[in-house]
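This report refers to the structure that appears directly beneath it.
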Protein chains: 2
Amino acid sequence: MEAKAILQQHIAKTAVLTEEEFDYFYSHFKPLSFKKGQTIISAGDKVNCEYFVISGCLKAFFINDEIKMYILQFAMPTWWASDYTALYNQTEATINVDCISDAEVLCLSNEDREKLCKEFHQVEHFFRWRTNKGYIASQKRLLSFMNNNVKVRYEELLALYPQLYNLVPKHLIAAYLGVSRETLSRLYNS
Amino acid sequence: MEAKAILQQHIAKTAVLTEEEFDYFYSHFKPLSFKKGQTIISAGDKVNCEYFVISGCLKAFFINDEIKMYILQFAMPTWWASDYTALYNQTEATINVDCISDAEVLCLSNEDREKLCKEFHQVEHFFRWRTNKGYIASQKRLLSFMNNNVKVRYEELLALYPQLYNLVPKHLIAAYLGVSRETLSRLYNS
DNA sequence: AAAAGAATGTGATGTAGGTCACGTAACCAA
DNA sequence: TTGGTTACGTGACCTACATCACATTCTTTT
């Protein structure tokens, strides 16, 4: 399936748009292809867009002073990714986004999103719903962080996204769970 | 200032409503008063409403099997609180909400929110913006959890909400930070 | 096919924070 | 005012996970 149809199906779950309206909506998205390892957003950048994943897998991550990486999100097909703090506040990126595998994405600028939200009530509805989903997921992850040890969190993650196990190197899973790769390695070899 | 004016001012920052529209909007909110210690949502409840705080302070928290409490959110005036997972998925509450001090709130049902979002594009806009704020804050807290030790998180929290220091007992601050009260106590006595 | 670079496994040792136990002070409620 | 509950402090000890160091794959690149 091509990009347009994937986006259309994704949107149709929450918003009702005519073919014409969707065509217009879609015309604001810019298709981009990236190779494995390529960077989409670097800390320090001006952030203008958010990215809808068509194929492949991205990661959104933070690097601290001691050069340790923490992964905020893996973005698989039909997921969205960006540095939303930077995007909404028009500040410099503190979050990086790059490609775990070759990836195709659709890029939507902040201004275009806001414009489309204003023009179509249904588009605004869609984005409210999407953010809501994200918010709920984020709260759940936070709770799991406070409440569960690494082992439980690891099992939770694999139960939720079994694809990750083969797709993503273990040290990135560790970076998502917020533990050292050594600890994770010991964990599942027992 | 009374409840209506507080809500109006809060909404006006992101949504444009005429006086009449706002009156209609406001008519869907039910004012409620609670005493310190009273419960608003208990785990297991059916959750129908979200709550906008006019005065006082609420906490939204989770209790695990070992009867340990983790606080997801303190809700101060002009903040919203509920068990959003339960509210949106129409499932039983897993999160509790209760009153840290006497509190006045405005209660809005899930159906009314959705109805108002449908009727007024501007209301939908407001709720998108609100959830967005929440999402960004939640991501930030998650990152701080992974990246910072308790001491830094404690200082971060007090810098962000200095009122909490006097308003909220220390063991609740500990429950928000996800540490034992003993550790927190040792921390700020050094 | 060789060389270089990632990714992973595993031991030894360090440490932040948890748990348990007990004491004191503050705050209600009758 | 007295007894009970809640908040807070502090010592002794324990544990999950981090860090460092080095060995062993597995993957690219040339």
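Here is the naming used below: chain letters follow the sequence lines, and residue numbers restart at 1 for every chain. Excluded from the calculations below are hydrogen atoms, water molecules and symmetry mates; all remaining heavy atoms, backbone and side chain alike, are included. This is a predicted model, so every value here is computed, not measured.
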* Would you list the pairs meeting ring pair (Phe, Tyr, Trp, His ring centres under 6.0 Å) in which at least one residue belongs to residues 130-157 of chain A, sequence neighbours left out? => A:Tyr154-A:Tyr188
* List the protein contact pattern of nucleotides 6-21 of chain D with one symbol per nucleotide (5' to 3'): B for base contact, S for sugar-phosphate-only contact, - for none; contact means a heavy-atom distance under 4.0 Å. => -SBBBBB----SBBBB
Would you indicate whether [X], at its atom [atom1], is surrounded by more than 12 heavy atoms from other residues, nucleotides or ligands within a distance under 6.0 Å?
| X | atom1 | answer |
| --- | --- | --- |
| A:Gln90 | CD | yes |
| A:Lys170 | NZ | yes |
| B:Gln9 | CD | no |

* **Shared-cluster residues of B:Val152, by chain and number - hydrophobic side chains joined below 4.5 Å** => none
* Terminal axes of the helix from C:dA1-D:dT30 to C:dA30-D:dT1 (five pairs each): angle between them, nearest 10 degrees -> 60°
With the criterion being N/O to N/O and under 3.5 Å, what pairs connect the protein with nucleotides 25-30 of chain D, and how long is each?
unit_1: D:dT28; atom_1: OP1; unit_2: A:Lys36; atom_2: NZ; d: 3.4

* Structure fact -> So the salt bridge (Lys or Arg N to Asp or Glu O under 4.0 Å) pairs with at least one residue in residues 123-138 of chain A (sequence neighbours excluded) are A:Glu50-A:Arg130, A:Glu124-B:Arg128, A:Arg128-B:Glu114, A:Arg128-B:Glu124
* Name all residues meeting the side chain to side chain contact (heavy atoms under 4.5 Å, CB included) criterion together with B:Gln122; count only those two or more places apart in sequence or in a different chain, and write none if there are none. => B:Ala15, B:Val16, B:Leu17
Exercise answer: donor-acceptor pairs, residues 93-104 of chain B side-chain atoms, under 3.5 Å, sequence neighbours excluded:
unit_1: B:Asn96; atom_1: OD1; unit_2: B:Ala43; atom_2: N; d: 2.9
unit_1: B:Asn96; atom_1: ND2; unit_2: B:Phe61; atom_2: O; d: 3.3
unit_1: B:Asp98; atom_1: OD1; unit_2: B:Lys59; atom_2: NZ; d: 2.9
unit_1: B:Asp98; atom_1: OD2; unit_2: B:Lys59; atom_2: NZ; d: 3.3
unit_1: B:Ser101; atom_1: OG; unit_2: B:Cys57; atom_2: N; d: 3.1
unit_1: B:Asp102; atom_1: OD1; unit_2: B:Lys36; atom_2: N; d: 2.7
unit_1: B:Glu104; atom_1: OE2; unit_2: B:Ser55; atom_2: OG; d: 3.0

* Structure fact -> Residues at least two apart in sequence or cross-chain that pass ring pair (Phe, Tyr, Trp, His ring centres under 6.0 Å) with B:His28, listed by chain then number, are B:Tyr24
* Could I get the full list of ring pair (Phe, Tyr, Trp, His ring centres under 6.0 Å) partners for A:Phe52, not counting sequence neighbours? => A:His10, A:Trp80
* To do: Check the hydrophobic clustering (I, L, V, M, F, W, Y; side-chain heavy atoms under 4.5 Å; chains of links allowed) and say if B:Val150 and A:Val179 are grouped together.
  => no
What donor-acceptor contacts under 3.5 angstrom involve side-chain atoms of residues 158-165 of chain B, with partners at least two apart or in another chain?
none

* Go through DNA chain C in 5' to 3' direction and return only the first and the last nucleotide with some atom under 4.0 Å of chain A's heavy atoms. => C:dA7 to C:dA12
